[in-house]
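Start at 1 with the first residue, then count along the sequence.
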Amino acid sequence: MKKPLQKIFRELSLPFRGIPFMIGIALKTQKSVLLFVPLLAFSELGRNLAGLLVSPVILGKVEEAAPLGELFRAILLFTFLLIVFNAACAYIETNAMFGRIAVRSRVISMLHRKMCVTSFPNTEDTEVREKWNKAGLEVDGNSSSTEAVWKFLGNLLRDSAGLIIYVFMLSSAAPNPVLLTVVGITTAVNYFFGLWIQDWEWRHREEKGKLQSKMWYIVEKSRDLAFAKDVRLFGMGGWLKDIYLSTNRLYMAFILKREKINLSANILDVLLTVLRNGLAYYYLISVTLKNGMPAAEFLLYFSAVGGFTSAVKGFCEACGKIVWVGHGVQNVRDFLDLPESFRFENGEPLPKNGQDYEIELRDVSFRYPGADKDILTDFNLKIRPGEKLAIVGLNGAGKTTLVKLICGFYDPTKGEVLLNGRDIRLFNRHDYYSLFSAVFQQVSLLEVSLTENIASSDTDIDLSRAEACVEKAGLTEKVKSLPSGGKTHIGRRVWLDGVELSGGETQRLLLARALYKDAPVLVLDEPTAALDPIAENDIYLKYNGMTAGRTAVYISHRLASTRFCDRILFIENGGIAEEGTHEALLRLNGRYAELFRVQSKYYREGGQEDEE
């Protein structure tokens, strides 16, 4: 019984944990946000009270036959108060907005940093991606939970203080425990039912999140320039539209279901409001008829009943909204608190060995989540410092997976990846990544200047070093032809003067970036795939110069390119099928030689063998 109660308490308290979290961020980012919350709340309360008192006070002066000057002074006083409170509300609300945006921006920064540094397997996990999408919705605008939280906290503070004031006014007019008891009970019922309604959406957040993620994905792909040609050529526009609309209908059905539940809450709210107001009005009228009450005093308490009703309703709505934003902030925390499978700051520092790092895979097996078999099985490999290693094999043999294991993006399902004899799981993984420069198949350029892409930074760029890397990558002539040289912006989504690079030029730029980092280990995953044969040959001729003094791991489907390497591994059936130099493997006349002969015949002059 104890555990179910603890679970219920945890579920009820979960939304409120987001408030301290946001307050903590505000204290580190913009303390003024916390000051503006009570200032705005009490300014709005002062405006409401001034509006409530103005008519009864002026009517009281008229009833007392007060001098005309005194009446005018009362009117001027309340006019002044209303102007001051309205001006204060407008000023505070306008200036509070900047701080609130700053706090939300800090949360956005935290989310992006988490995605950038989280353990690599998290980036490929579907559940993690869904958490990322849901967290993104909570920072996507001024009405999102991470900014709206301050507004609803202020409303809660304003209406809580208003409730106390209005209850005191009504109690002083006609103290009656029945009236206050009914008010308390109806308020409590309203609040807890509203809390349950708000909690319904939280309980169905997975269903909502999946629909939102699917719609967002379709929107993103529809406006992605990389898909523009395919959308037109294959007539995908209508198909994408149909997918979006069908998902949107499911989402609208979810929203309709939620609003039907909200409607029941609104009906209950109306009934309870009628009960509260009816009882209050009946009691005030009874007291007036029985004991007599001046018109001004009656109007005051009559207005107090309206103010009290608004405060009760506002209090309940604020409580519900606090639950709503609390759930939203919890979506952010769910992503930020993702457990890490790798060690980072709590890992050991790397040994300082200069360029002398030996990497070993010992009895390594790896299986992707959900797969029915290993892609690598009991794999053993030792990469010596300064060695030029080529990895070849058919598609799906596990070449890229092997490289990701070497780079520390994955941990093996079984076995160990060792650095100088020690398991890399012991080290700070960020430090381990610093050992590698890489060119992967996926393009990963930012729309900044060409030089900034090479340096992966916008500060402290070594221009002479960047130029040398451009030269080694064979990109010098292209850079000279650009309107602003290395300062030319890449891409046209951000910059009007940006340029688009060809596939081969992009690969050369990525190669220059890898060379600029100058890490001990250079990883090249199909670096010449988008190059023509002449450009490819140029890269081969520069290969020894590019890899001088460092270890190089090279993946290629074109076996002719592997002759520049010290050792070649032919990967097949989850292991090393053949191993040796290019010449040795040709003499072996095995699978490598067979594949080389198949490829080479297409490059022979005239293609005579192919024609036969």
Side-chain angles (χ1 to χ4, degrees), residues 15-16 18-55 76-111 136-166 191 194 198 269 303-304 306-332:
F16 299 99
I19 308 303
F21 172 77
M22 292 302 301
I23 290 174
I25 295 176
L27 287 172
K28 296 176 183 177
T29 309
Q30 196 71 256
K31 295 183 178 69
S32 63
V33 169
L34 303 178
L35 176 64
F36 282 135
V37 168
L39 284 178
L40 182 59
F42 289 116
S43 295
E44 290 177 339
L45 180 59
R47 180 180 60 186
N48 294 343
L49 290 174
L52 181 144
L53 293 173
V54 58
S55 296
L76 288 174
L77 173 63
F78 278 100
T79 301
F80 174 75
L81 288 174
L82 287 171
I83 290 174
V84 168
F85 282 124
N86 275 306
C89 289
Y91 176 83
I92 294 170
E93 193 163 3
T94 299
N95 285 275
M97 177 181 65
F98 301 108
R100 294 174 180 181
I101 292 174
V103 173
R104 177 167 59 87
S105 298
R106 175 65 181 273
V107 177
I108 293 173
S109 177
M110 293 168 65
L111 289 172
L137 294 171
E138 305 305 335
V139 294
D140 191 30
N142 301 108
S143 60
S144 59
S145 62
T146 48
E147 188 171 333
V149 59
W150 311 115
K151 173 185 175 182
F152 297 131
L153 277 176
N155 291 351
L156 183 64
L157 182 60
R158 177 199 65 201
D159 293 321
S160 298
L163 269 177
I164 295 171
I165 293 171
Y166 293 129
Y191 168 68
Q198 292 291 334
D269 179 53
S303 300
F308 172 76
T309 302
S310 297
V312 170
K313 184 177 181 180
F315 176 81
C316 294
E317 287 180 352
C319 288
K321 292 297 184 181
I322 289 294
V323 172
W324 173 73
V325 298
H327 285 318
V329 173
Q330 188 60 40
N331 284 335
V332 172

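The shortest side-chain heavy-atom distance between Trp150 and Val103 falls under the 4.5 Å cut-off. For the pair Phe42/Leu157, a side-chain contact is recorded, criterion being any heavy-atom separation below 4.5 Å from C-beta on. Residues Arg100 and Asn142 are not in side-chain contact: their nearest non-hydrogen atoms beyond the backbone lie 4.5 Å or more apart.
Closest heavy-atom contact between Leu53 and Phe78: CB-CE2, 3.8 Å. The two atoms that bring Phe85 and Ala50 nearest to each other are CD1-CB, 4.4 Å, heavy atoms only. Contact record, Gly51 with Leu82: N-CD2, 3.9 Å, taken as the closest heavy-atom pair. Counting all heavy atoms, side chain and backbone alike, Ala41 lies closest to Gly154 at CB-O, 3.4 Å.
In terms of the salt bridge (Lys or Arg N to Asp or Glu O under 4.0 Å) criterion, residue partners of Glu44 (sequence neighbours excluded) are, by chain and number, Arg158.
Side chain of Thr94 to backbone of Tyr91: no donor-acceptor contact under 3.5 angstrom is found. Between the side chain of Arg104 and the main chain of Val139, a donor-acceptor pair closer than 3.5 Å is present. Here the side chain of Ser160 pairs a donor or acceptor atom with the backbone of Leu156 at under 3.5 angstrom. No donor-acceptor pair under 3.5 Å is formed between the side chain of Ser43 and the backbone N or O of Cys89.
Here the straight-line distance linking atom CD of Glu147 with atom CE of Met22 works out to 9.0 Å at 0.5 Å rounding. Expressed to the nearest 0.5 Å, how far CG of Leu76 lies from CG of Leu81 amounts to 11.0 Å.
Defined by atom type and a distance below 3.5 Å, a donor-acceptor pair is present between the side-chain atoms of Ser145 and Glu138.
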Would you mind writing out the side-chain donor-acceptor pairs for residues 26-39 within the sub-3.5 Å range, not counting sequence neighbours?
| residue | atom | partner | partner atom | Å |
| --- | --- | --- | --- | --- |
| Thr29 | OG1 | Ile25 | O | 2.8 |
| Thr29 | OG1 | Arg106 | NH1 | 3.2 |
| Lys31 | NZ | Leu27 | O | 3.2 |

